[in-house]
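If you're wondering where the values come from, they're calculated on a predicted model, not measured in any experiment. Chain letters run A, B, ... following the sequence lines, proteins first, then strands; residues in each count from 1.
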Protein chains: 2
Amino acid sequence: MWSNHINYYLRMRTHQLVLSWIENELSGGRLTVGGRLPAERTLAEQLKVSRTSVREAIRILEAMGVVRAGVGSGPEAGTVVISDPTAALGSALRLHVATQHLPVADIVETRVLLESWAVAKAGPDAPELEEASALLEAMAAEDLAVSDFLALDVRFHLALADAAGNAVVSAMMGSLRESIQGYAAELTSGLPDWEATASRLRAEHQDILAAIRNDDGGQAARLVAAHIEGYYKEAGLASAGTEPARP
Amino acid sequence: MWSNHINYYLRMRTHQLVLSWIENELSGGRLTVGGRLPAERTLAEQLKVSRTSVREAIRILEAMGVVRAGVGSGPEAGTVVISDPTAALGSALRLHVATQHLPVADIVETRVLLESWAVAKAGPDAPELEEASALLEAMAAEDLAVSDFLALDVRFHLALADAAGNAVVSAMMGSLRESIQGYAAELTSGLPDWEATASRLRAEHQDILAAIRNDDGGQAARLVAAHIEGYYKEAGLASAGTEPARP
DNA sequence: GTAGTTGATGTGGTTGGACCACATGCCCTA
DNA sequence: TAGGGCATGTGGTCCAACCACATCAACTAC
């Protein structure tokens, strides 16, 4: 007696109605992370809508990183509630970068802002620093492929961001990273002397971690900013000044 | 000759294939903001997939703020490419707040971080300051409803964020605002003396704008941080203190 | 001749039904 | 008892039809 009235009076599209129902279940705590949505056919019958509309709503939630859909039977099957804000923000940013309405330079600038804040905020005893330290050791290996080094580098910086203890900043950092991942990889391939660059990056990483451990947040922030900006400058972020004008 | 092979070998879901195609068109510049996607039936035939899958892809893009779908004929009809990153980030954040995996305190903290950075970065001649100034005048009206005041307040703060000239920061600020809009409204209704609060907010707004106009970014950042945190503290949210971003 | 009406056309929105691939688990057989 | 095979239930995909809507052109009435 609920759905059809709203649909009629508010001209709400059907899948949005399903979306509202699910969001309401989430807000009310009747659906929590790890829980499962009713089966698509069941939900369609409950809400008096077609399975198609239910599926459209679930697609959106999946793109938002709120649910994961799995076929078959068992614990991996069905539509279960997860929480992956990074996925949502990341693909959204990536798409808008594709439309060329989000300049890459702005993304880099935002990353510098967030990450320098994070290392300034992180306390010297943050548990995430252990992981960061372990990652640095792994990056010191001699016979490391470039792609592996970069993968570890990503995880190192994300660990630093996590150390600030702010879930929103962590998610945004991850999404910024993801949205320009292809761009960064392309830049790296154009470096003149990768070994020299890698060596410098390792040293800078150590300095950053040391500053945090020394409880010198201001210094850590400065080092991080110089680290990131220096990399993009060396790799030839020529677009810094030539990006199309903002609308 | 393309779609079915990828679908077979990569086990890619059909709507993701459509998504890839569209994203590719965007990256290649063959689809730009203001342009129109082929009609759903046409696109389905072109990509050799069902209209259902095309629609699921379009739903995702719509939720991401990349397209807008309109029925009928004429300029408002069809699926046209837009660019509204704020919508995507906003609903994503709101949904994850609903799952209670993104603490409101973290959102407020992030907002303080971004906005204090923005006012520090904004130059005294940024054109957005004119709009901010006009908004302040409107907020000085005597017989202003609380909801109208709050709406103007939102626009004032967004104008400040825009003044920094970073599209990513602007989008994130807008989405943060949207994700906790209901929460903030609830807090406001519990204030003991609204008139006194509004009066204080007006004065603080003037001080912030004056600091930016005076090219004193550091002072503006401090004022903004105190302004936001003071409001949430008065309204009863116990949030951790946050230092303004470095200049 | 002009003004209003009416139908054709093309768009997204929605529905029901059908079939597929897959993963589990029960049940029956050897 | 150990093994294979079918029943069940899940999401994934496709199809064919219909609706509501907005525009535009042709037609009709004056």
Handout entry: Whether A:Ser133 side chain and A:Leu129 backbone form a donor-acceptor pair below 3.5 Å
Key = no
Problem - B:Arg155 atom CZ: more than 12 heavy-atom contacts under 6.0 Å - result: no
Handout entry: Heavy-atom donor-acceptor pair, A:Arg51 side-chain to D:dG12 base, under 3.5 Å
Key = yes
Practice task
For B:Ser27 and B:Asn24, indicate whether the former's side chain and the latter's backbone hold a donor-acceptor pair under 3.5 Å.
Solution key: no
Exercise for the section: Inspect the contact between B:Glu56 and B:Arg59 and indicate whether a charged nitrogen and a carboxylate oxygen are less than 4.0 angstrom apart. Expected result: no
Practice task
Indicate the ring-plane relationship of B:Phe149 and B:His205, choosing parallel, tilted or perpendicular according to the 30° and 60° boundaries.
Solution key: parallel
Problem - Interatomic distance, B:Arg13 CZ vs C:dC22 P [rounded to whole Å] - result: 14 Å
Handout entry: Sub-4.0 Å heavy-atom contacts from residues 71-86 of chain A onto DNA chain D, ordered by number
Key = A:Val71, A:Gly72, A:Ser73, A:Gly78, A:Thr79
Problem - Spacing between B:Glu45 atom CD and D:dA16 atom P, to the nearest angstrom - result: 12 Å
Fill in the blank from the handout: When rounded to whole Å, the NZ to C1' distance for the pair A:Lys48 and C:dG16 reads 16 Å
Fill in the blank from the handout: From CG of B:Leu17 across to C1' of D:dG12 the rounded distance in Å is 14 Å
Problem - Backbone of A:Gly29 reached by a side-chain donor or acceptor of A:Thr32 within 3.5 Å - result: no
Practice task
Could you tell me whether A:Ser53 contacts a base, only the sugar-phosphate backbone, or nothing, with contacts defined as non-hydrogen atoms closer than 4.0 Å?
Solution key: sugar-phosphate
Handout entry: Atom pair distance, as rounded to whole Å: CZ in A:Arg68 and C1' in D:dT10
Key = 13 Å
Fill in the blank from the handout: When the rotation axes relating C1' atoms of four end pairs to the next four are compared across the helix from C:dG1-D:dC30 to C:dA30-D:dT1, five pairs an end, they differ to 10° by 40°
Exercise for the section: Please state how far atom NE2 in A:His15 lies from atom P in C:dT15, giving the value in whole angstrom units. Expected result: 12 Å
Fill in the blank from the handout: B:Glu56 CD to D:dG12 P, in whole Å, measures 8 Å
Exercise for the section: Look at the side chain of B:Ser175 and the backbone N and O of B:Met172, then say whether any donor-acceptor pair between them is shorter than 3.5 Å. Expected result: yes
Handout entry: A:Asp106 to B:Asn166 - nearest heavy-atom pair and separation
Key = O-ND2, 3.2 Å
Exercise for the section: For B:Arg177 and B:Arg111, indicate whether the former's side chain and the latter's backbone hold a donor-acceptor pair under 3.5 Å. Expected result: no
Handout entry: B:Arg55 CZ to C:dT15 P, straight-line distance once rounded to whole Å
Key = 11 Å
Exercise for the section: Output yes when a side-chain donor or acceptor of A:Ser20 lies under 3.5 Å from a complementary backbone atom of A:Gln16, and no otherwise. Expected result: yes
Problem - OP1 or OP2 of C:dT14 under 4.0 Å from side-chain N/O of A:Thr14 - result: yes
Exercise for the section: Mind running a 4.0 Å heavy-atom check of residues 33-42 of chain B against DNA chain C and sending the residues that fall below it, in number order? Expected result: B:Ala39, B:Glu40, B:Arg41
Handout entry: Sidechain-backbone polar pair: B:Ser179 side chain, B:Leu176 backbone, donor-acceptor under 3.5 Å
Key = yes
